[in-house]
**Student:** 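Encoded as structure tokens, here's the structure I'll be asking about.
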Amino acid sequence: MRRRMDEPKSLDSIFKEKIFRIPDYQRGYAWQVAQLKDFWEDLINLANDRVHYTGVLTLNEVHKKEIPKDANEFWLVEDHSYHLYRIVDGQQRLTTFIIFLQAFIECVMELPENKDKHSDNVYVTDSLNIASIREKYLYKIKPTGGQYRTYKFGYTEDNPSYQYLRYRILNETGAGYIEETFYTLNLKNAKIYFREQLDALYEQDGIDGLRDVYKKLTRSFMFNEYIIRDEYDVFVAFETMNNRGKKLSDLELLKNRLIYLTTLYSDLELDEADRRSLRDTVNETWKEVYAHLGRNEKNPLNDDEFLRAHWILFYKYSRETGRDYARFLLNDQFSPRRVLLKVEKQVELEQPEELVSETFPEEADEENNEGQSSQQTISVAELSPKEIANYVASMKVSSGYWFTSWFPALIESLSLEEVQALDRLNRVGISYFRPLVMSILKNIKEVTLRIRLFENIERFIFLAFRMNGARANYGSSEFYNAARGVDMGYITPDEIEAKLSERLEYIFHSDQTLKATEFYALLERKFNDGSGYYGWAGLRYFLYEYEISLLNDSRQKKIDWSDLLKTSQDKISIEHIFPQTPNEQWKKAFEGVPEKDYAGYAGSLGNLLLLSLSINASLQNDSFEDKKKPKYNDKGVKIRNGYSDGTHSEIEVAQYPHWGPEQIKERGLKLLDFMEKRWKIKFGSDREKFLFLPEQEESAE
């Protein structure tokens, strides 16, 4: 049974005698700057005589008999005629309203004229004080419960954001450790954003501006309130809902779907205790999954990327594209049809053995006294609760390893060698191998074996994709299936290594020397367009790995990988030692070299250097001697490092007394030596041609 949709209501009306809870199948707070800005501009630009239609607020009432007597909401429902509602749709907007209101209260309370005043004595209008606003919208304090708050709006207690909203947003005291995630960061940022806007509004319009914006928010922002009374319909409704600006992810839809499916099983298939247990398992799993996805609050992981990776791990990979994983999970595997569709199943039923008194042994029925078993046919759902439980259990465990694959340095249990191996995979561009890496972390316990596999995967990526320009999906199906094979236990580490080797056979001759065709052709195109090695996609990674190879116990790291990624369009951390547009001083150093060959030397591997600090374009034509020394401006402020105090690669170059064609060749061959050793390849006798040095350099020798 559903109630019809009433006329639009203001927030002032909606909050009368209601308690709102964000239920277990909802995500955390997802609004970010774009949505917050829209909310603020809608509010601030609303004329005083107009209303703003905000959308539909869809609710599901929790009946009084469903509320435990020890729940902190019960006293309001029992003694004060309040009603408790779960929010099916509209939680993002209501959460924003609550955060805005708290920011508003703090702004008003901290005004100079209100310093040291109690909230009862701080008035927004002649008849409305801050204490009344808190009680109407935020929380009530139980008269017999000390200062214990019952919040009018909030999360259920098993939501990771529950504590953060109470203690960090609404300023309740007594918090212990509070978990922070991507969603709690959004809560924090929303409060900061609104506080800054309100402070600016006060500076411009004074207290009248604050009063005006409060009245508009509580009286002119209108919702259609829609109450769903049948729980069966709640989950169906949720799947059709999209919040403003933030579409529900497939991971969120799947959580809702699985909880919904638990309501469809008959009591014979799933009794009430097991139904609650399965639902709790789903909730606990998603709580942990979201905790891992949002654990690095500055770099949250994508919901659906994890869902797809786990689908590859748990189910057989298909080569369909797009949202094939979501179609499979929501339309096929976990569809209501598979629960409602019943199949016959033979079950063994054991007959009880009746105890017969020895007083009258002659009366015992020998046939009925032996405890027999019999078969019976029953109808059960095609999709069993156990299948849901197994899938959810796998997802819960996998989410931690998914996080590990992205941020190994945050995992204390990993060895330094394993962290370094995983970091290299992330630097080189892990591509479609992340599900396999997750599976290796999850299922292979021997650390040295894991490291060896990671090193082999890194070598494959560098050789196939960075050196030889293979298609982005080259080998993807095979290694997606290998991820599942490792997880299921039917593919061994040796078989993975064999697959990696087989897939690289096309780039080697029988004696394991590198074929010139692929890598050489790729570089030839780069030199023909004038960029040379500078245009090679693998250059940053290669030069960074060379820099790391120069470290030892007495040498500290001087540059982080993140320093090379600050500007995606411009390789600001890589310099041509011999500049692309040389001045007269540089031309003297290359005397005898035709100008048409300058680009060949400038773009050759040995002429490219990883810098510890980006160099201003106006300084790049400095002579080699000047480049070796730090550069200062007229005020004596260092504006760039010199090679002599730069990266270890720079320091190495600074040992050369001068820089010309021979030095470019010498350093280029040294870098090729490193490439051979680092990635276990051989260039063969014609290795020098991979430097693409102009012919006259070779003939001059």
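The figures here come from the full heavy-atom set of this structure, side chains too, leaving out hydrogens, waters and symmetry mates.
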**Student:** Assess the side chains of Y325 and D250: does a donor N or O sit below 3.5 Å from an acceptor N or O?
**Tutor:**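 Per modelled atom types, Y325 and D250 side chains form a pair under 3.5 Å.
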
**Student:** Assess, by modelled atom type and distance only, whether the side chains of R434 and N426 contain a donor and an acceptor separated by less than 3.5 Å.
**Tutor:**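 Result is yes, a qualifying pair exists.
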
**Student:** For V108, is there any backbone N or O sitting under 3.5 Å from a side-chain donor or acceptor partner on N114?
**Tutor:**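 At least one qualifying donor-acceptor pair exists.
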
**Student:** If you take all heavy atoms of S249 and Y290, which pair is closest and at what distance?
**Tutor:**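 Looking at all heavy atoms of both residues, the shortest contact is OG-OH, 4.4 Å.
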
**Student:** Below 30° counts as parallel, above 60° as perpendicular, anything between as tilted: where do the rings of H292 and F403 land?
**Tutor:**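 It falls in the tilted class, 30° to 60°.
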
**Student:** Looking at residues at least two apart in the chain, or sitting in another chain, which of them share a ring-ring contact (aromatic ring centres under 6.0 Å, His included) with Y151?
**Tutor:**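 Residues passing ring-ring contact (aromatic ring centres under 6.0 Å, His included) with Y151: Y139.
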
**Student:** To the nearest 0.5 Å, what is the distance between OH on Y193 and CZ on F100?
**Tutor:**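 Answer for the OH-CZ pair, Y193 versus F100, is 10.0 Å.
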
**Student:** Can you name the side chain to side chain donor-acceptor pair (under 3.5 Å) partners of D212, sequence neighbours left out?
**Tutor:**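 Partners of D212 by the side chain to side chain donor-acceptor pair (under 3.5 Å) criterion come out as none, since no residue qualifies.
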
**Student:** Please tell me if the side chains of Q197 and V213 come closer than 4.5 Å, counting only heavy atoms from C-beta onward.
**Tutor:**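 With C-beta onward as the side chain, the pair stays apart.
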
**Student:** Using side-chain heavy atoms (C-beta onward) and a distance below 4.5 Å, is L185 in contact with E180?
**Tutor:**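 L185 vs E180: side chains apart.
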
**Student:** Would you kindly check if the NZ (Lys) or CZ (Arg) of R93 is within the cone defined by 45 degrees around the ring axis of W31 and under 6.0 Å from the six-membered ring centre?
**Tutor:**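 Not satisfied by the 6.0 Å and 45° rule.
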
**Student:** Would you confirm whether Q92, through its side chain, and A30, through its main-chain N or O, come within 3.5 Å as a donor-acceptor pair?
**Tutor:**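 Yes, because the side chain of Q92 sits within donor-acceptor range (under 3.5 Å) of the backbone of A30.
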
**Student:** Can you check whether K396's main-chain N or O pairs, donor with acceptor, with T285's side chain at less than 3.5 Å?
**Tutor:**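 Answer holds: no.
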
**Student:** side-chain contact (heavy atoms from CB on, under 4.5 Å) between L251 and M395: does it pass, once the steps are laid out?
**Tutor:** CA-CA 11 Å; L251 184 63; M395 178 177 284; 4.3 Å; yes

**Student:** Is the closest side-chain heavy-atom distance between L293 and F306 below 4.5 Å?
**Tutor:**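 Yes, close enough: below the 4.5 Å cut-off.
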
**Student:** Can you check side-chain contact (heavy atoms from CB on, under 4.5 Å) on Q102 and I98, steps first, answer last?
**Tutor:** CA-CA 6 Å; Q102 179 64 26; I98 293 298; 5.7 Å; no

**Student:** Does the ring centre of F153 sit less than 6.0 Å away from the ring centre of F15?
**Tutor:**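 Between F153 and F15, which both carry aromatic rings, the centre distance is not below 6.0 Å.
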
**Student:** Of all the heavy-atom pairs spanning P408 and V419, show the shortest one and how long it is.
**Tutor:**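 Taking P408 first and V419 second, the nearest heavy atoms are O-CG2, 3.7 Å.
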
**Student:** Do R275 and E272 meet the salt-bridge criterion of a basic N to acidic O distance under 4.0 Å?
**Tutor:**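 Salt bridge flag = yes for R275 with E272.
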
**Student:** Can you give me the closest heavy-atom contact between H118 and M109, atom names plus distance?
**Tutor:**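 Heavy atoms only, the tightest pair is C-CE, 4.5 Å.
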
**Student:** To the nearest 0.5 angstrom, please state how far the CG atom of L187 sits from the CD1 atom of I192.
**Tutor:**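 One gets 11.0 Å once the value is rounded to the nearest 0.5 Å.
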
**Student:** Treating S439 as the side-chain partner and P435 as the backbone partner, does any N or O pair qualify as donor plus acceptor under 3.5 Å?
**Tutor:**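 No, the answer is negative, given that no donor and acceptor are paired below the 3.5 Å cut-off.
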
**Student:** Taking all non-hydrogen atoms of both residues, which atom of L261 and which atom of P336 are closest, and how far apart?
**Tutor:**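 The pair with the smallest heavy-atom distance is CD2-CA, 3.7 Å.
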
**Student:** Using the benzene-type ring in the case of Trp, are the ring centres of F97 and Y137 under 6.0 Å apart?
**Tutor:**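 Centroid distance F97-Y137: below 6.0 Å, so yes.
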
**Student:** Between R338 and D332, is there a side-chain N and carboxylate O pair less than 4.0 Å apart?
**Tutor:**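 No, R338 and D332 are not salt-bridged.
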
**Student:** Show the numbers, then the answer: is there a side-chain contact (heavy atoms from CB on, under 4.5 Å) between F407 and N299?
**Tutor:** CA-CA 10 Å; F407 305 111; N299 299 107; 3.9 Å; yes

**Student:** Just verifying a value: how many Å separate L11 CG and S13 OG, rounded to the nearest 0.5 Å?
**Tutor:**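 Nearest 0.5 Å value for the CG-OG distance: 9.5 Å.
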
**Student:** For Q32, does its backbone N or O pair with a side-chain atom of Q35 as donor and acceptor, under 3.5 Å?
**Tutor:**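 Yes; at least one donor-acceptor contact below 3.5 Å.
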
**Student:** Below 4.5 Å, heavy atoms only, C-beta onward: do K188 and R168 meet side chain to side chain?
**Tutor:**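 A side-chain contact under 4.5 Å is absent here.
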
**Student:** Side-chain contact test, heavy atoms from C-beta onward, threshold under 4.5 Å: evaluate it for V122 versus I105 and give yes or no.
**Tutor:**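 A side-chain contact is absent here, since even the closest heavy-atom pair is not under 4.5 Å.
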
**Student:** Where do V56 and Y53 come nearest, in terms of heavy atoms and distance?
**Tutor:**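 Distance-wise, the nearest heavy atoms are CG2-OH, 3.6 Å.
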
**Student:** Would you give the length of the straight line joining atom NE2 of H83 to atom OG of S81, rounded to the nearest 0.5 angstrom?
**Tutor:**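 Interatomic distance, H83 NE2 to S81 OG, rounded to 0.5 Å: 6.5 Å.
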
**Student:** Is there a side-chain contact between L210 and L198, using heavy atoms and a 4.5 Å cut-off?
**Tutor:**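 L210 vs L198: side chains touch.
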
**Student:** Measure across F74 and P68 and return the closest heavy-atom pair with its distance rounded to 0.1 Å.
**Tutor:**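 Smallest interatomic distance, heavy atoms only, reads CB-O, 3.6 Å.
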
**Student:** Going by an N to O cut-off under 4.0 Å, is there a salt bridge joining E73 and R21?
**Tutor:**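 A salt bridge is present here (some side-chain N lies under 4.0 Å from a carboxylate O).
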
**Student:** I'd like to know if the side chain of D274 reaches the main chain of L270, judged simply by a donor and an acceptor atom lying under 3.5 Å from each other, with no hydrogens or angles considered.
**Tutor:**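 A pair under 3.5 Å: no.
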
**Student:** Do the side chain of N256 and the main chain of E252 share a donor and acceptor less than 3.5 angstrom apart?
**Tutor:**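 Absent.
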
**Student:** For D12, which of K18, K136, R219 qualifies under salt bridge (Lys or Arg N to Asp or Glu O under 4.0 Å)?
**Tutor:**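 Single pass found, and it is K136.
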
**Student:** In Å, rounded to the nearest 0.5 Å, how long is the span from CG of L138 to CD1 of I169?
**Tutor:**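 The CG atom of L138 sits 12.0 Å away from the CD1 atom of I169.
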
**Student:** Can you check whether L43's main-chain N or O pairs, donor with acceptor, with K216's side chain at less than 3.5 Å?
**Tutor:**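 Looks like yes, one N/O pair under 3.5 Å.
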
**Student:** For F194 and F39, run ring pair (Phe, Tyr, Trp, His ring centres under 6.0 Å): C-alpha distance rounded to whole Å, both residues' side-chain angles, the deciding distance at 0.1 Å, then the answer.
**Tutor:** CA-CA 10 Å; F194 288 130; F39 185 93; 5.7 Å; yes

**Student:** For the pair H310 and Y391, name the ring-plane relationship: parallel under 30°, tilted 30 to 60°, perpendicular over 60°.
**Tutor:**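 Taking Y391 first and then H310, their aromatic rings stand perpendicular (interplane angle over 60°).
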
**Student:** Are side-chain N/O atoms of S398 and K442 paired as donor and acceptor at under 3.5 Å?
**Tutor:**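 Side chains of S398 and K442: pair found under 3.5 Å.
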
**Student:** Is there a donor-acceptor pair closer than 3.5 Å between any side-chain N or O of R257 and the backbone N or O of L330?
**Tutor:**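 Yes, the answer is positive, given that a donor and an acceptor are paired below the 3.5 Å cut-off.
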
**Student:** Identify whether the distance between the nearest side-chain nitrogen and carboxylate oxygen of R308 and D304 falls below 4.0 Å.
**Tutor:**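 No.
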
**Student:** Run the salt-bridge test on R211 and D208 with the 4.0 Å N-O cut-off and return the result as yes or no.
**Tutor:**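 A salt bridge links R211 with D208.
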
**Student:** Would you please classify the geometry between the Y214 ring and the F104 ring as parallel, tilted or perpendicular, with 30° and 60° separating the classes?
**Tutor:**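 If you compare the ring of F104 with that of Y214, the planes turn out parallel.
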
**Student:** Applying the side chain to side chain donor-acceptor pair (under 3.5 Å) test to Y29, which of T95, T96, T184 qualifies?
**Tutor:**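 Running side chain to side chain donor-acceptor pair (under 3.5 Å) over T95, T96, T184 with Y29 returns exactly one hit, T96.
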
**Student:** For a 4.5 angstrom cut-off between non-hydrogen side-chain atoms, does E106 reach N171?
**Tutor:**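 Yes, side chains in contact.
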
**Student:** Could you check L329 against L253 for side-chain contact (heavy atoms from CB on, under 4.5 Å), going step by step and ending with a plain yes or no?
**Tutor:** CA-CA 10 Å; L329 293 171; L253 290 173; over 6 Å; no

**Student:** A side-chain contact here means heavy atoms from C-beta on lying under 4.5 Å apart; do I430 and W406 qualify?
**Tutor:**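 Result no, sub-4.5 Å side-chain heavy-atom pair not found.
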
**Student:** Is there a donor-acceptor pair closer than 3.5 Å between any side-chain N or O of N129 and the backbone N or O of D120?
**Tutor:**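 Flag set: sc N129 to bb D120 pair under 3.5 Å.
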
**Student:** What is the distance from atom CG of L94 to atom CD1 of I22, rounded to the nearest 0.5 Å?
**Tutor:**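 Spacing of CG (L94) from CD1 (I22) equals 8.0 Å.
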
